[in-house]
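Below: one structure, written as structure tokens.
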Amino acid sequence: MAAVVLVTGGTGLVGKAIEYVIEHEPEGSRFGKRPGEKWIFAGSREADLRNLEETLKLFEKYQPTHVIHLAALVGGLFANRERKMTFLRDNMLINDNVLHAAHIKGTKKVISCLSTCVFPDKVEYPLTEEKVHLGPPHSSNFGYAHAKRMVDVQNHAYKEEFGCNFTSAIPTNVFGPHDNFDLKHAHVMPALIHKCYLSQKNNTPFKVMGDGSPLRQFIYSRDLAKLFIWQMREYESVEPVILSVDENDEISIRDLANSIVKVMNHPDKPEFENEINDNGQDRKPASNAKLMSLIGDFKFTPFEQALEETVTWFLQNYGNARTGQSHA
């Protein structure tokens, strides 16, 4: 029986990247579409996954054999700070409903997307998979982080009680085409790309919150898409896997802002506001040793190339992108 793969959150950043890879990699290749395989990319318009009845109807409609669960309420630093209960409850409902529906409908495999924010705030670096539950997460996003942590707990419980093949992935900071560039809700890179664009358009300073010192690992969405496809087809453990570039490839927010200026041909340098409270966590390097030991030969897209492709997509699709701007 050919696989039917349901991608929840399929119209978002990572879902669109998986769709791109499935369509553009050679059929039958490691990351390409397999003969007879069916892929469904479901967005929030098709079902409100906070509602169990709608979730069950979605599973009934498509009868998926495999699920890549990306759907979530997500946001940047300030959205997480301001709406902790909303982030906790909505994500708990979404995750519980998807896993419950997958169990009831006999789905063969589910991979849920977590985040490095699930890791403890006070922890020895680099982050590795077994450190997820060693202490409380950072206070700035504890609602979202706890909801995502519970997925790992649920995966183990479903496996122990019912034998379900449920697992999870922990990506680092994802970016790419189809990202959310809305300044109120965006993560750091799409927010900076949009800010730089508006700075050029309005001939105003390109201001960046904080002092630019925090370090982050960024993974291109189309690379991450390949890793999800690999995990779906070749990884059979309940234990999570960190999906990331090497920990030595951390980039400071200062260098990121300067790279965006360069790619967008902005005439001025970014201005850092130097409010230390706006920095978030200084760094949270994650080890991809487990991933690389399992996947073998895998080449990540060079950062500058991935950034350029993202900026190009943003500029070409500004009228339709998620920017929070009125395009009427």
Side-chain angles (χ1 to χ4, degrees), residues 3-23 31 37-51 54-55 58-59 62 64-76 79-80 87 90-102 107-118 141 144-145 147-152 154-155 165-180 182 185-187 189-190 218-233 235 240-244 291 322:
V4 177
V5 187
L6 172 64
V7 181
T8 71
T11 58
L13 168 63
V14 182
K16 282 292 187 183
I18 294 174
E19 186 175 22
Y20 178 90
V21 169
I22 287 295
E23 289 177 354
F31 306 115
E37 202 172 56
K38 185 178 180 183
W39 287 77
I40 296 113
F41 296 89
S44 57
R45 290 181 181 178
E46 190 154 5
D48 181 352
L49 298 178
R50 295 170 298 182
N51 181 296
E54 289 193 32
T55 308
L58 184 71
F59 275 71
Y62 293 116
T65 58
H66 297 71
V67 173
I68 298 177
H69 173 39
L70 309 174
L73 174 66
V74 297
N80 271 281
F87 275 83
D90 281 12
N91 285 300
M92 290 276 287
L93 288 169
I94 291 167
N95 298 332
D96 186 54
N97 289 340
V98 167
L99 294 181
H100 183 60
T107 303
K108 292 180 181 177
K109 188 171 186 177
V110 178
I111 301 168
S112 296
C113 185
L114 308 187
S115 159
T116 51
C117 74
V118 301
N141 54 16
Y144 180 78
K148 286 293 188 178
R149 269 192 192 188
M150 280 304 298
V151 173
D152 181 55
Q154 289 173 288
N155 286 344
N165 187 6
F166 296 172
T167 188
S168 58
I170 309 176
T172 47
N173 296 267
V174 192
F175 71 98
H178 300 279
D179 208 337
N180 183 356
D182 183 339
H185 306 293
H187 289 98
M189 186 185 295
F218 293 99
I219 182 168
Y220 189 36
S221 58
R222 291 173 182 171
D223 291 339
L224 180 60
K226 293 177 181 177
L227 299 180
F228 268 112
I229 294 165
W230 161 80
Q231 192 176 8
M232 184 192 80
R233 291 174 176 164
Y235 182 76
V241 184
I242 292 170
L243 304 182
S244 176
L291 166 68
R322 291 181 288 168

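These numbers were taken from a predicted model, which means no experiment stands behind them. Numbering of residues begins at 1 and proceeds along the displayed sequence. In what follows, every heavy atom counts, from backbone to side chain, and hydrogens, waters and symmetry copies are set aside.
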Leu99 and Ser112: CA distance, side-chain angles, deciding distance, side-chain contact (heavy atoms from CB on, under 4.5 Å) verdict: CA-CA 9 Å; Leu99 294 181; Ser112 296; 4.1 Å; yes

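- Remark: side-chain polar atoms of Thr65 are paired, donor with acceptor, to backbone N or O of Val4 under 3.5 angstrom.
- Taking 4.5 Å as the limit, some side-chain heavy atom of Tyr220 sits within range of a side-chain heavy atom of Pro177.
- For the pair Ala102 and Phe166, the tightest heavy-atom approach, listed with the atom from each and the gap, is CB-CZ, 3.8 Å.
- Salt-bridge annotation for Arg50 and Asp90: present, with a side-chain N of the basic residue lying under 4.0 Å from a carboxylate O of the acidic one.
- Closest approach of Leu6 and Pro64 over heavy atoms only: CB-CB, 3.7 Å.
- The minimum heavy-atom distance between Pro190 and Asp179, with the atom names listed, is CG-OD2, 3.3 Å.
- Phe175 and Phe218 have perpendicular rings, their planes meeting at more than 60° on a 0 to 90° scale where under 30° would count as parallel.
- Here the straight-line distance linking atom OG1 of Thr107 with atom NE2 of His66 works out to 9.5 Å at 0.5 Å rounding.
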Worked verdict on Val241 versus Leu227 for side-chain contact (heavy atoms from CB on, under 4.5 Å): CA-CA 10 Å; Val241 184; Leu227 299 180; over 6 Å; no

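- Using a 4.5 Å cut-off on side-chain heavy atoms (C-beta onward), Ser168 and Asn155 make contact.
- In this structure, CG on Leu114 lies 9.0 Å from NE2 on His69, to the nearest 0.5 angstrom.
- With Asn91 contributing its side chain and Leu73 its backbone, the two residues share a donor-acceptor pair below 3.5 Å.
- Residues Asn141 and Phe87 fail the side-chain proximity criterion, which asks for heavy atoms closer than 4.5 Å.
- Applying the side chain to side chain donor-acceptor pair (under 3.5 Å) test to Asp96 and every residue at least two apart in sequence or in another chain returns Gln154.
- In this structure, Thr8 contributes its side chain and Ala71 its backbone to a donor-acceptor pair below 3.5 Å.
- Shown here for Ala169 and Gln231, the closest heavy-atom pair between the two residues is CB-OE1, 3.2 Å.
- Taken to the nearest 0.5 Å, the CD1 atom of Ile68 stands 6.5 Å off from the CD1 atom of Ile229.
- Separation of atoms OG1 (Thr11) and CZ (Arg45) is listed at 8.0 Å; rounding is to 0.5 Å.
- Using a 4.5 Å heavy-atom cutoff, the side chains of Met232 and Val5 are in contact.
- Here the side chain of Lys108 pairs no donor or acceptor atom with the backbone of Asn165 at under 3.5 angstrom.
- Taking all atoms of both residues into account, the shortest heavy-atom contact from Ala101 to Thr55 is CB-CG2, 3.9 Å.
- The line from CD1 of Ile219 to CG of Leu243 is 6.5 Å long, rounded to the nearest 0.5 Å.
- Residues Asp152 and Val118 are not in side-chain contact: their nearest non-hydrogen atoms beyond the backbone lie 4.5 Å or more apart.
- Side chain of Lys148 to backbone of Cys113: a donor-acceptor contact under 3.5 angstrom is found.
- Contact detail for Tyr144 and Val74: the closest heavy-atom pair is OH-CG1, 3.6 Å.
- Taking the side chain as every heavy atom from C-beta outward, Ile18 and Leu70 approach each other to under 4.5 Å.
- Side-chain atoms of His187 and Asn173, non-hydrogen and from C-beta on, never get closer than 4.5 Å to each other.
- How far CD of Glu46 is from CG of Leu58: 5.5 Å, rounded to the nearest 0.5 Å.
- Pairs of residues two or more places apart, or lying in two chains, that qualify as salt bridge (Lys or Arg N to Asp or Glu O under 4.0 Å) and include a residue from residues 5-22 are Lys16-Glu19.
- Scanning for ring pair (Phe, Tyr, Trp, His ring centres under 6.0 Å) contacts around His178 gives Trp313, with sequence neighbours left out.
- Between Asn97 and Leu49 the shortest side-chain heavy-atom distance does not fall below 4.5 Å.
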Phe59 and Val98: CA distance, side-chain angles, deciding distance, side-chain contact (heavy atoms from CB on, under 4.5 Å) verdict: CA-CA 9 Å; Phe59 275 71; Val98 167; 4.3 Å; yes

